[in-house]
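To start, the structure itself, in structure tokens.
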Amino acid sequence: MKLETSLRSLKGVGEKTEALFSKLGIRTVGQLLRYYPRDYDIYREPVPIGQVTAGGKQAVSGMVCSQVSVKSLGPKRSLVTAKLRDDSGTLLVNWFNMPYLRTTLKMGGVFVLRGLVAEKGGRLVMEQPELFTPAAYQEKLHAMQPIYGLTAGLTNKLVTKLVAQILDSAPEWPEYLPEDIRTEAHLAEYNFAVRQIHFPRDMEGFLAARNRLAFDEFFFFILALRRMKEKTEESPNEYPMEAVWKTEEILAGLPYRLTRAQQKVWGEIEGDLKGKKLMARLVQGDVGSGKTVLAFLAMVMTAENGYQSALMVPTEVLANQHYQALCELLEQHGLLESYRPVLLTGSLTQREKRRIYDRVALGTAKMIIGTHALIQEAVEYDHLALVITDEQHRFGVRQRELLAGKGLTPHVLVMSATPIPRTLAIILYGDLDISVLDELPARRLPIKNCVVGTSYRPAAYRFMEKEIQKGRQVYVICPMVEESEGLEAENVLDYTEKLRGIFPEGIHIRALHGQMKPAVKNEIMEQFAAGEIQILVSTTVVEVGVNVPNATVMMIENAERFGLAQLHQLRGRVGRGDHQSYCIFVQGKEDQEKTKRLEILNKSNDGFAIAAEDLRLRGPGDLFGVRQSGLLEFAVADIYRDADILKEASQAAGMVLDLDGELSLPQHEGIRNQLQAYMMREVDNLGL
């Protein structure tokens, strides 16, 4: 079965199912095969009944110690109840609409039950558990059942069935990594890895599979970067610039002084733009460290030298905010009419876009701000000398080639708020020079943090309401969009409804998540930015969404499921104004080790220190949960957890390119083909 084959070729996929998968970005067999499980349901050893706790799926082994009761709840509805006992205690168990269990659950019979435990009326109840004989459960023990990210209408059972269908009907796919690389890095064979990542036979098989696939993701990412770097280094600076007084005037007119770190980094950017080779620079700095003003200064320098610059950001709302801020800065210095900045986003009408295209092509617009609409085919530039991007739209290999195909080889500046230890940043941004903003402006109030259990929620809600009464706004972050089979974590849709039942009617609460249409997401973010929404319940999509200085509280549910660096980035959405801000990390599952990790956030607001700790603490045991997001959102790999694999992949990529820079040798044919497929996927993911 070819990987580019449409999903419709699979048995059981009709028009409706095809449309549901399309919502997840899955249209081909290959895309479904690369849609790896987000978690696994692991059949663990039964626990003593006396140690059972509310929340979470657990297995218990015991004897039926009561007569089984079947209570009618109406037409074709019933409730079956029983009690299970072992040496440590007794547990109440119930099932809905399964009256036939009365003949199975004989008093004195020994069974293993596995299900979710809830607290009801002051006692623990296991609801709707799976039922096994001890021998049958022994066969299931340590088995790992895949759990996939879903959208409404798709079931985990269907996704599992279709993936199994692909794997069962597929021949062996050719192995593309040479044996010497696999031997050196102790990597499993590809066919073994792709089968075991979906259906692991045990933890050992799973680890071997994810290590191989994580290696592959890093390896092709680095290969693409290294080849791009060679092209960049060969490119002369076609847009030589000189230092200009306007940037000094703007600096003098700012209502604050640049930090020493900002001054140093501005000197590096200015030096690059004046240099003999093209700039390719990454500016790393925490949220609020002052990256945007440096971007504006670089755009002013470019315009003063007679060239165009483009600033590309991930959302229309953020593009609009940057555009307004730039216009205000230019107007203060009498530069608005001469530079004539424009805002280019996907939601503009065709007529509006054509008018902007004309101004860009003629060169009358010196500054262009927008989303990835900036690199669509219809946009023709006059003299585009500088491209600045937010890391979420990192100016990758294919995007640069698209511009180069128009005869353009601009300077590139990437702005990143992801705190990555320098050793890893050098690998991941191998084509860029690195600058670090490691100071926050003195005027910023540090965020106050606390790590709490779920019992703290009522107090948190009261605190949130007090802040709202002061005119402030609140973010609540959940790891999932909607309830998902087998995953015990808060989800945006249910949580939004829950909060509407808790807070007074006058408090406007909305949900936001990545599966919404772009126009709907933009509308909600604009309403939140305008203060029309008081509580925004969201997934991590807000990480790069919008600047709302009035938002002072962030509550993150199931904080244990996120990496420390991502939690730090999320809380960077608050603390952007003059008011004291707060971040509440709620642990869904209290665990001593995870509490210890979260306490690092409680004690520090330094993103780079937190990233270093994340790197140190995330080990093979921390396998599941919400992956790091944004630019560095690989399907399997995680830069903190898999730092050693990242280094191995970097060494392997270096060895291959040193030996065969064009990948023309017979032993590298598989790598060459995979790299081409990887590059095309990068473009497809951007919708270009």
Side-chain angles (χ1 to χ4, degrees), residues 3 30-31 33-36 173-197 206-232 394 396-401 420-421 423-432 615 618 620 623 627-628 630-685:
L3 295 178
Q31 287 170 333
L33 208 58
R34 287 190 297 275
Y35 193 67
Y36 305 125
W173 285 288
E175 173 58 79
Y176 45 82
L177 284 186
E179 192 173 346
D180 58 338
I181 289 178
R182 288 194 290 118
T183 303
E184 180 69 26
H186 307 288
L187 298 175
E189 190 269 337
Y190 173 73
N191 285 278
F192 172 88
V194 79
R195 283 171 165 79
Q196 289 292 307
I197 198 69
F206 165 74
L207 286 172
R210 76 162 304 283
N211 286 356
R212 164 61 198 264
L213 295 172
F215 181 96
D216 285 9
E217 288 184 326
F218 288 143
F219 180 73
F220 289 107
F221 180 80
I222 292 163
L223 275 181
L225 287 183
R226 299 261 171 100
R227 296 185 83 188
M228 189 65 229
K229 186 174 185 181
E230 287 170 17
K231 291 181 183 179
T232 304
R394 175 150 189 262
V397 179
R398 286 292 295 165
Q399 294 96 302
R400 286 188 220 181
E401 288 185 354
I420 305 171
T423 51
L424 300 188
I426 288 168
I427 298 171
L428 288 163
Y429 295 95
D431 56 333
L432 305 174
L615 187 58
R618 283 169 78 87
L623 294 170
R627 305 189 207 289
Q628 303 294 335
L631 147 74
L632 304 169
E633 189 173 4
F634 300 99
V636 170
D638 181 292
I639 62 165
Y640 298 93
R641 180 181 56 213
D642 301 320
D644 290 341
I645 297 174
L646 173 59
K647 290 168 188 171
E648 285 179 334
S650 176
Q651 288 169 1
M655 283 168 52
V656 167
L657 291 178
D658 287 346
L659 174 66
D660 180 18
E662 295 303 312
L663 300 177
S664 56
L665 293 175
Q667 65 264 40
H668 294 151
E669 182 184 358
I671 292 177
R672 184 174 69 248
N673 293 338
Q674 284 294 317
L675 182 59
Q676 286 171 352
Y678 170 85
M679 305 276 270
M680 290 313 299
R681 285 202 300 273
E682 187 179 284
V683 173
D684 289 343
N685 289 340

Using side chain to side chain contact (heavy atoms under 4.5 Å, CB included) as the criterion, list what pairs up with [X], not counting sequence neighbours.
X	result
Ala653	Phe219, Ile222, Leu223, Arg226
Pro174	none
Glu648	Ala185, Phe215
Ala209	Ala193, Gln196, Ile197

side-chain hydrogen bond (donor to acceptor under 3.5 Å, both in side chains) partners for [X], two or more places apart:
X	value
Tyr176	Asp216
Ser664	Asp660
Glu189	Asn191

side-chain contact (heavy atoms from CB on, under 4.5 Å) assessment of Asp642 paired with Arg210: CA-CA 10 Å; Asp642 301 320; Arg210 76 162 304 283; 2.9 Å; yes
Expected output: side-chain Thr183 to main-chain Glu179 donor-acceptor under 3.5 Å: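 Yes, Thr183 side chain to Glu179 backbone: donor-acceptor pair under 3.5 Å.
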Arg212 side-chain N/O to Leu187 backbone N/O, donor-acceptor pair under 3.5 Å: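 No, the answer is negative, given that no donor and acceptor are paired below the 3.5 Å cut-off.
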From CA spacing to verdict: side-chain contact (heavy atoms from CB on, under 4.5 Å), Leu659, His668: CA-CA 10 Å; Leu659 174 66; His668 294 151; 3.9 Å; yes
Arg182: partners by salt bridge (Lys or Arg N to Asp or Glu O under 4.0 Å), with sequence neighbours left out: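 Partners of Arg182 under the salt bridge (Lys or Arg N to Asp or Glu O under 4.0 Å) test: Glu175.
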Salt bridge (Lys or Arg N to Asp or Glu O under 4.0 Å) partners for Glu669, two or more places apart: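 In terms of salt bridge (Lys or Arg N to Asp or Glu O under 4.0 Å), with neighbours along the sequence ignored, Glu669 is linked to no residue.
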Over 12 non-hydrogen atoms of neighbours within 6.0 angstrom of CD in Gln676: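 Count over threshold, so yes.
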Rounded distance (nearest 0.5 Å) linking atom CG of Leu663 with atom CD of Gln674: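 The distance works out to 12.0 Å.
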Please report the closest heavy-atom contact between [X] and [Y], naming both atoms and the distance.
X	Y	answer
Ile427	Lys647	CD1-CG, 3.9 Å
Ala208	Ala188	O-CB, 4.0 Å
Phe220	Tyr678	O-CE2, 3.8 Å
Pro178	Ile671	CD-CD1, 3.7 Å

Trace of the side-chain contact (heavy atoms from CB on, under 4.5 Å) decision for Leu177 with Tyr190: CA-CA 8 Å; Leu177 284 186; Tyr190 173 73; over 6 Å; no
